[in-house]
Amino acid sequence: MEATTQLNTLLQFRFNPEVRAGRGLHGEGDKRHGRDGEDRNIPVPAGTVVIDAETGEFFHDFSEPGERVVVARGGRGGRGNAHFATSTNRAPRYHEDGEPGEVRSLQLELKLIADVGLVGFPNAGKSTLISRISAARPKIADYPFTTLEPHLGVVAYGDEGSFVVADIPGLVEGAHEGTGLGLEFLRHVERTKLLAHVIDVSSTGRDPVDDFLTISRELELYKADLLRKPQIVAASKMDAVDDAARVERLREFCHGRGLEMFEISAVTGYGIDGFIVGVGARVEQIWRASEVAAVSSS
């Protein structure tokens with residue numbers, strides 16, 4: 001298997017789940033051994049995790065494009081008749097069969113690699129936001145679970161800066177237990193460097209602070225160290241605010257927790273430029289910190 005940037009889904013394995021390498025040939029006469037079977041190179045998206053389906057053991061994590069790993073080895077080729085020649089039998093009429101190759105059943109999981117993960121309740125405005133700040137065009141509608149698959153978008157900012165943002169769908173209370181679409185997509189949060197909580201501050205009937213706490217709880221119950229990631233808050237749908245106290249309550253909550261909060265409206269564009277610049281600056285800061293840490297450890 002080899003990781004590539006040319007693919008972004010595992011859809012090809014749904015229709016072609018079995019892959020066979022070339023068959024090795026038996027040993028032959030005239031001093032010829034069995035020819036090796038041809039290799040099969042299986043491209044997978046960068047971010048694919050390979051697990052042994054029979055034992056459940058971790059096999060490999062393709063975190064970088066270009067990584068190449070042998071997942072099943074071919075059998076040894078058979079020896080030809082010349083190998084069995086003796087002083088009394090100079091031309092034996094038999095050869096050795098080739099050995100069978102490995103047969104493995106593997107489970108593939110794709111964890112998107114993105115700088116920023118947008119998390120929040122359905123209809124909080126994540127899909128509209130990613131369509132506003134990037135070229136991604138997810139389906140958008142006013143009903144739960146409009147987004148049925150995660151979307152990636154590249155956001156450009158400044159003169160040459162850019163970062164990759166992922167819209168993580170399916171988070172509701174109980175997501176860590178599979179409620180809604182939670183378990184389908186929570187794993188994608190693991191690879192993000194920055195979590196952006198998109199909180200609906202319009203008149204939805206839910207409290208913005210409670211929304212933040214509920215999503216945080218689901219992330220923690222799924223994997224405790226997720227909440228150690230840097231986090232910011234985007235107060236979404238500012239164009240539809242009819243109670244300023246809701247925004248103020250969220251603002252005070254964020255200030256108390258040391259969270260940077262951006263007031264935005266993906267529909268009107270209000271606050272979007274500042275959000276992009278602010279997120280880009282945080283991503284750069286995280287990248288620099290990780291580079292310093294890598295140098296220090298080496």
Side-chain angles (χ1 to χ4, degrees), residues 8-9 112-172 180-181 184-186 188-189 191-204 206 208 211-212 215 219 229-244 246-247 250-251 254 259-287:
N8 54 22
T9 74
L112 297 182
I113 300 176
D115 298 308
V116 183
L118 303 180
V119 296
F121 274 86
N123 286 329
K126 301 186 300 296
S127 295
T128 305
L129 177 58
I130 196 173
S131 68
R132 181 87 187 200
I133 64 179
S134 74
R137 292 295 177 264
K139 181 180 179 182
I140 300 171
D142 189 21
Y143 53 87
F145 304 119
T146 304
T147 305
L148 299 178
E149 59 184 22
H151 292 91
L152 286 178
V154 178
V155 182
Y157 69 98
D159 295 330
E160 298 180 348
S162 67
F163 57 87
V164 178
V165 62
D167 170 14
I168 311 296
L171 299 192
V172 294
L181 304 173
E184 292 288 323
F185 304 117
L186 268 168
H188 295 301
V189 182
R191 293 196 186 273
T192 59
K193 299 175 180 63
L194 174 68
L195 295 180
H197 290 259
V198 181
I199 308 293
D200 184 354
V201 293
S202 66
S203 181
T204 62
R206 293 195 310 263
D211 278 8
F212 177 93
I215 295 300
L219 295 173
K229 291 179 179 290
Q231 301 177 58
I232 61 172
V233 172
S236 177
K237 302 186 182 181
M238 286 294 296
D239 59 300
V241 170
D242 55 4
D243 182 1
R246 293 167 59 84
V247 181
L250 182 61
R251 187 183 295 118
C254 291
L259 295 169
E260 189 173 9
M261 175 175 139
F262 298 88
E263 299 176 16
I264 65 170
S265 168
V267 173
T268 66
Y270 171 76
I272 293 297
D273 290 343
F275 174 78
I276 292 174
V277 172
V279 172
R282 287 296 300 274
V283 170
E284 282 188 14
Q285 183 183 27
I286 294 167
W287 272 112

What closest approach, in Å, do [X] and [Y] show between heavy atoms, and which atom pair accounts for it?
| X | Y | answer |
| --- | --- | --- |
| Ser202 | Ala240 | CB-O, 3.6 Å |
| Val247 | Glu263 | CG1-OE2, 4.0 Å |
| Val267 | Arg132 | O-NH1, 3.2 Å |
| Ala235 | Met261 | CB-CE, 3.7 Å |

State whether the side chain of Ser131 and the backbone N or O of Thr128 hold a donor-acceptor pair below 3.5 Å, judged by distance alone.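 Answer holds: yes.
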Go through the structure and list residues passing side chain to side chain contact (heavy atoms under 4.5 Å, CB included) with [X], not counting sequence neighbours.
| X | value |
| --- | --- |
| Tyr157 | Phe163, Ile276, Glu284 |
| Val277 | none |
| Ser162 | Val154 |
| Asp243 | Ala245, Arg246 |

Rounded at 0.5 Å granularity, tell me how far [atom1] in [X] sits from [atom2] in [Y].
| X | Y | atom1 | atom2 | answer |
| --- | --- | --- | --- | --- |
| Asp211 | Arg206 | CG | CZ | 4.5 Å |
| Leu129 | Phe275 | CG | CZ | 5.0 Å |
| Leu194 | Gln231 | CG | CD | 8.5 Å |

Output all residues satisfying side-chain hydrogen bond (donor to acceptor under 3.5 Å, both in side chains) with Asp273, sequence neighbours left out; order by chain, then residue number.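 By the side-chain hydrogen bond (donor to acceptor under 3.5 Å, both in side chains) rule, Asp273 matches no residue at all.
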Go through Ile264 and Tyr270 one step at a time and tell me if the side chain to side chain contact (heavy atoms under 4.5 Å, CB included) criterion holds. CA-CA 5 Å; Ile264 65 170; Tyr270 171 76; 5.6 Å; no
Phe212: ring pair (Phe, Tyr, Trp, His ring centres under 6.0 Å) partners, not counting sequence neighbours: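 Ring pair (Phe, Tyr, Trp, His ring centres under 6.0 Å) list for Phe212, sorted by chain: His197, Phe253.
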